[in-house]
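Note sheet for the following structure.
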Amino acid sequence: MKDFKCSGRWRSGWCASVTKSLSSSHVLMPLVPTFCLVALVVYGLGDKLRNFVSSIFIPQYHYPYSVALCFSQVLVSLFFLKLLHVLGLLPLKQYSRSLGERLLVPSICSSIHNVLAVWAKASSSYSGLYPSTLPLLPIVTMGLSFWLRLTSLPTIHMSTLISIVSGTSFVIAVSQGLAHIEPLEYLYAPLALILHSLSLTWLAKVVEADRQQLPDAQASIFDIYNTLLVNQSWILGLLWLLHPDSPWQVLSQTSWHSLLFHGYLLAILLLGMALNFLDTIVALCVSPVAAAALHSARQVAQPFMHLL
């Protein structure tokens with residue numbers, strides 16, 4: 001029992017320990033910018049690959065069911081997390097109702113945001129207003145971080161740099177002209193931006209509040225992630241039942257006989273699972289602004305690349 005408590009304390013503070021070790025190591029400090037650049041490149045390539053697969057899968061198989069895709073992705077994430085737990089590779093606590101209630105706001109926000117993001121891809125709106133607003137994600141996240149008074153705030157110099165780069169990227173993207181914009185995008189694009197920022201900042205707020213408790217009562221990063229996924233599964237499941245595209249309609253119109261269908265679908269779910277996992281872990285371990293910068297890095301850099 002004592003060993004388990006020690007393991008729980010170690011798991012609850014592993015992010016802080018790693019961060020402290022990196023910041024105090026003179027040998028590893030020069031490698032931090034390189035590591036951040038590699039993370040941005042890998043994440044950008046993964047996001048680009050997922051968008052490419054989605055652009056083939058959704059129109060070819062007539063599968064614009066955003067709620068069904070998001071719900072399936074959450075189930076796949078829970079399956080892998082529980083599999084690691086059963087194999088003894090990842091200790092997890094049982095679902096905590098109190099923690100689930102504290103994570104209810106980010107669960108709702110992230111669930112709706114994911115549905116809106118998939119909707120933008122499914123409705124061919126990913127070349128319009130929705131991706132053009134993504135460079136503003138770090139700015140909105142910084143504003144919400146200051147509003148919620150988080151401790152993991154960027155410095156004044158870093159905040160100014162992020163604001164200038166993100167704002168310039170947005171202005172360049174808009175000045176270059178946008179593709180056909182659907183009327184719903186004027187509502188969905190700002191809404192998705194706010195919901196994503198709110199989910200990231202609220203997650204960090206929950207972690208900061210949890211770290212004020214006794215070490216034995218603290219939840220590990222993976223416990224928080226598991227609780228978040230369980231909440232999302234209930235929310236998306238309920239949303240799917242209430243959606244006009246009911247589960248029976250979606251399942252009956254699915255091309256289960258096609259191996260290519262299964263391959264495309266599995267690729268989308270696994271890539272989405274990995275990218276969402278990285279977003280959440282960076283928000284929990286580093287800061288919500290860092291997670292927002294990681295998520296929007298490709299869209300921020302794209303207008304500058306077009307100028308070159």
Side-chain angles (χ1 to χ4, degrees), residues 47-48 50-55 57-59 62-74 104-144 166-167 169-203 231-232 235-246 249-250 268-269 271-272 275-276 279-280 283 288 291-300 302-303:
D47 183 47
K48 188 175 182 179
R50 180 182 60 172
N51 293 336
F52 173 75
V53 176
S54 299
S55 65
F57 171 78
I58 293 175
H62 307 287
Y63 206 86
Y65 307 116
S66 55
V67 180
L69 287 174
C70 293
F71 180 68
S72 301
Q73 181 176 299
V74 170
L104 189 59
V105 172
S107 301
I108 295 174
C109 292
S110 58
S111 298
I112 299 177
H113 163 262
N114 291 337
V115 171
L116 293 177
V118 177
W119 170 85
K121 297 181 179 67
S123 60
S124 300
S125 300
Y126 206 70
S127 58
L129 184 62
Y130 182 86
S132 301
T133 58
L134 282 179
L136 299 178
L137 182 63
I139 300 178
V140 178
T141 305
M142 278 194 299
L144 289 176
S166 300
S169 175
F170 174 73
V171 171
I172 294 174
V174 173
S175 63
Q176 290 176 344
L178 301 175
H180 174 70
I181 300 177
E182 295 188 12
L184 285 176
E185 281 192 87
Y186 291 103
L187 173 64
Y188 285 171
L191 179 61
L193 190 69
I194 295 173
L195 289 175
H196 195 181
S197 302
L198 187 59
S199 67
L200 294 176
T201 51
W202 205 288
L203 270 177
N231 285 355
Q232 288 178 344
I235 294 169
L236 290 171
L238 178 61
L239 183 60
W240 194 10
L241 290 176
L242 299 176
H243 199 271
D245 297 327
S246 62
Q249 178 182 352
V250 174
I268 292 174
L269 297 180
L271 287 170
L275 294 176
N276 285 342
D279 277 339
T280 306
L294 178 66
H295 183 81
S296 61
R298 191 168 69 88
Q299 284 74 20
V300 170
Q302 195 168 2

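Sequence positions, counted from 1, serve as the residue numbers for this chain. These numbers come from the heavy atoms of this one structure, side chains and all, not from hydrogens, waters or symmetry mates.
- Remark: Leu236 CG to Ser111 OG distance equals 4.0 Å, nearest 0.5 Å.
- Of all heavy-atom pairs between Val118 and Cys70, the closest is CG2-SG, 3.7 Å.
- Here Thr201 pairs with nothing under the side-chain hydrogen bond (donor to acceptor under 3.5 Å, both in side chains) rule; sequence neighbours left out.
- Taking 4.5 Å as the limit, every side-chain heavy atom of Ser166 sits out of range of all side-chain heavy atoms of Leu136.
- Residues Ile139 and Phe170 have side chains not in contact (no heavy-atom distance under 4.5 Å, counting atoms from C-beta outward).
- In terms of the side-chain hydrogen bond (donor to acceptor under 3.5 Å, both in side chains) criterion, residue partners of His295 (sequence neighbours excluded) are, by chain and number, Tyr43, Asp279.
- Shown here are the side-chain hydrogen bond (donor to acceptor under 3.5 Å, both in side chains) partners of Asn276, two or more places apart in sequence or in another chain: there are none.
- The distance from the CG atom of Asn114 to the CG atom of Leu69 is 11.0 Å, given to the nearest 0.5 Å.
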Side chain to side chain contact (heavy atoms under 4.5 Å, CB included) between Gln299 and Asp47, worked out: CA-CA 10 Å; Gln299 284 74 20; Asp47 183 47; 3.7 Å; yes

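- Shown here are the side-chain hydrogen bond (donor to acceptor under 3.5 Å, both in side chains) partners of Gln232, two or more places apart in sequence or in another chain: Ser110.
- Taking CD1 from Ile112 and CD1 from Ile194, the interatomic distance works out to 12.5 Å, rounded to the nearest 0.5 Å.
- Rounding to the nearest 0.5 angstrom, the gap separating the NE2 atom in His243 from the OH atom in Tyr65 is 10.5 Å.
- A 4.5 Å side-chain heavy-atom check between Phe71 and Leu239 finds every atom pair outside the cut-off.
- Listed by chain and number, the residues in a ring pair (Phe, Tyr, Trp, His ring centres under 6.0 Å) with Tyr188 are Trp119 (sequence neighbours excluded).
- When all heavy atoms are compared, the tightest approach of Leu200 to Ala292 is CD1-N, 3.9 Å.
- Applying the side-chain contact (heavy atoms from CB on, under 4.5 Å) test to Ser55 and every residue at least two apart in sequence or in another chain returns Phe52.
- One finds the CD1 atom of Ile172 at 12.5 Å from the OG atom of Ser132 (value rounded to the nearest 0.5 Å).
- A 4.5 Å side-chain heavy-atom check between Arg298 and Asn51 finds at least one atom pair inside the cut-off.
- Minimum heavy-atom separation, Ala68 to Val250: CB-CG1, 4.0 Å.
- Here the closest non-hydrogen pair linking Trp240 and Asp245 is NE1-O, 3.1 Å.
- Atom CG of Leu116 and atom CG of Leu193 lie 11.5 Å apart (nearest 0.5 Å).
- Scanning all heavy atoms of the two residues, the minimum distance from Ile268 to Arg50 falls at O-CD, 4.3 Å.
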